[in-house]
Amino acid sequence: MKFRHPRSLHHVSTVFLTATSLAVFSPILSAYADPGISTKVTQTQLLADESLSSDAEQLPEPIKIAVLQDISQRTGIEVSQLQIIQSQQQSWSNSCLGLTIADTNCTEAEVSGWQVVVLKDQQVWVYRTDESGTLAKLDEDATQFVNAMIRGEEVTSRRTTSRTVEKQTTRVERNTQVVATSSSVKGKKTGFSLAILQPSGNFSDVIARVSYKAKRHKGFVAERFLGDFKYKLNRKAKFAKGLKAGDRVVVRLYDLQNRFIGYSEFELLSAHTAVNLILSDNPTEYQVVRTVCGADADQDGTIDTNTTAYDYFTQVSNERVTFLSSSQTINISQFQAEGFSTVATNSVYPTSFRTGEFTLVRQTMNVFSYNLAEALKVEPGRLVEFNEVSNDDNSIYDIGQLMMTYREIGVGNGIQVKFADVGDNYWAKDFIAELAALQIIQGFPDGNFRPDEQLTRAQFAAMLTQAFAKAKVRNAISFRDVSTRYWAYNAIRDTYAMGFLSVAGNNFKPMQTLSRSEVLLALAQGLNYTFSGSTQTILAVYQDATSIRSDVRNAIAALTERGIIVNYPNVQTLNADKVATRAEVAALIYKTLASTGDVFDISSQYAIDSIQQRAEVDRFNRTDDDDNDDKKVRRHCNQGIGNGSEGCDPGNSRPHDGSNDEDGRTPGRPR
């Protein structure tokens, strides 16, 4: 279904406004849209209709300030240069304003607020806010949609149910957010396929060094090595699990003599991403790479029809790469691969590559900086074995497993992931190492992590602020026992404002330790994790369930249901009143991040995962007369490993490695 050229300028503005938020205005959109017709909207048309700007005068001042300052921080544009061209009061479907916000769990309570449209030259931003302006969030999907219309790109709208809005609303590929989500839905995970092509030339094999930059809060974690892959040209490999929409993947290309021949960087979409790197006739001399990528929902390795194909060039010179905004200086005949569109004059980049602090268009940067991981600076094959990509296009790699395999040589220079007092067999080793790789936690100057040391409230607050970037739900307060010069002053204020830690009176008690139940309650409250079923049933997995206080039972049930709980040394004993250690809190925070989809999950024999939990619930609910004793949940204690006083000896059993599903290949091990 396409739009028609407007019968009046007012009609154009109405179509424009309704299109900016399809999830809210889809009934109106349907009323204005006619099949088989297209509309192009220009900046002149947007400004011509006075109805667009008249409502902006009614917008409360705090909301104006919040929106304009956020755009200014993202782009560097002065607030005075931005113009609010439209605002309209709205009721959003949940506490996240109908958006998916990283590290934030959305309650289903309706929120009143505003939709705001801002203009600067040829760029438009669409925002959603609450009534006060405390929450002001960029609607990336609507922003991308509108800017495509302004550029004159064809935009498609289809009548869809709420379950298919995400896949079918526009011809502009969605970026990092989905329309709306319930409080129990995890963060959007994704993956990609990578093909390397050469339309003409004499290359037969190429080495692809793959790494990625994880999207965290408003920036990216230091680039991380994922492996060296030896390709037959015109073949593709699939990389599954462990990544999320908004992450950036980097590919450095080498010939078989380990000569650097090209560079590409692309952003993962909310759907699976198909990526094609097209080489020149002679990559050793002409170090230009064409990148063509887009959504691949069915994961067949080709870009879906009716979606945007991002198409751009990168050029390497003296180990520096430039992201070209135009193909005018490129010998485009070398990059016309069969099955791909003709090279356009202007490059097509994702929005995040064109605007904001992390833009890449027209940027030149060093490909081998000092801060890179060790594995990214040496020649291929020196530190790790090659991963051979098969000739049948069936090579599938588990990204989580790749990250864990190469962790010690694959994280950025200066990031410590191995600690002297956390041995290879330590039960929480992988949780601690991965949080350290994400720069959420750090060790002490002596090289230790002190995993069995009791955690203080101040230390917990510092970990929470690094791990989560959720919206503030209450005003920060000044605690009488926390000086402005205290090392965790800002972390304590932010943690309290985000709703994680409760206090009695005006004292925070930063040096006080926390029990495991206090840690669990803080995580559940901060992320609004709730549970409405039978707590008796869900908590039956724990042998000491009867000792869990009534005020934390629902919170613990909610975390249990999401597979967050980790119990050491006995997986079925919660020990809710035990003082929490640094290792225990690291494990719980990591599993909480996994529950939001922000990180890949790590399997552990001490985790109450969903499969085990369902099995225990089934046993609890059994009614066979011959098996009444099974209603008392029996301890299997890690499949009977060990022979300690509890029927096992978990301390001497090695935790399972990370993701190792049957469809994931074992990556090449470090040499």
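Sequence positions, counted from 1, serve as the residue numbers for this chain.
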Closest contact, heavy atoms only, F358 versus G219: CZ-CA, 3.5 Å
Those residues that, when tested against K215, pass salt bridge (Lys or Arg N to Asp or Glu O under 4.0 Å) (two or more places apart): none
NZ-OG1 distance between K120 and T355, expressed to the nearest 0.5 angstrom: 13.0 Å
Distance in Å, D398 CG paired with M404 CE, rounded so as to fall on 0.5 Å steps: 10.0 Å
Contact check, side chains of F192 and L243, non-hydrogen atoms, under 4.5 Å: yes
Test: K213 and E265 ion pair at under 4.0 Å: yes
Residues forming a salt bridge (Lys or Arg N to Asp or Glu O under 4.0 Å) with D130, sequence neighbours excluded: none
Reported CG-to-CG distance for the pair L435 and D430, which is rounded to 0.5 angstrom: 11.0 Å
F225 and its side chain to side chain contact (heavy atoms under 4.5 Å, CB included) partner, picked from V384, L402, T405: V384
Which residues share a ring pair (Phe, Tyr, Trp, His ring centres under 6.0 Å) with F531, sequence neighbours left out: none
Point-to-point distance, once rounded to the nearest 0.5 Å, from CZ of F229 to CG of L194: 9.0 Å
Contacts of D311 that satisfy salt bridge (Lys or Arg N to Asp or Glu O under 4.0 Å) - sequence neighbours left out: R290
Pairwise distance CD1(I564) to CG(L527) - rounded to 0.5 angstrom: 7.0 Å
Smallest separation among heavy atoms of A594 and D601, with atom names: CB-OD1, 3.8 Å
Residue pair S595, Y529: steps toward the side chain to side chain donor-acceptor pair (under 3.5 Å) verdict: CA-CA 11 Å; S595 77; Y529 279 174; 2.9 Å; yes
T190 vs L269, side-chain contact (heavy atoms from CB on, under 4.5 Å): CA-CA, chis, key distance, verdict: CA-CA 7 Å; T190 187; L269 307 173; 5.9 Å; no
Qualifying residues under ring pair (Phe, Tyr, Trp, His ring centres under 6.0 Å), relative to Y312, sequence neighbours excluded: Y349
F266-Y310 aromatic ring centre distance below 6.0 Å: no
Partner residues of R209 under the salt bridge (Lys or Arg N to Asp or Glu O under 4.0 Å) criterion, sequence neighbours left out: D228
Residues E434, R224: salt bridge by 4.0 Å N-O rule: yes
Derivation of the side chain to side chain donor-acceptor pair (under 3.5 Å) call for T314 and S264: CA-CA 6 Å; T314 50; S264 179; 5.1 Å; no
CD on E267 to CG on L360, rounded to 0.5 Å: 9.5 Å
F353 backbone acceptor or donor facing T359 side chain under 3.5 Å: yes
Lys/Arg-Asp/Glu bridge criterion (N-O < 4.0 Å) met for R248, E223: no
Considering all heavy atoms, the nearest N387-G227 contact: ND2-CA, 4.3 Å
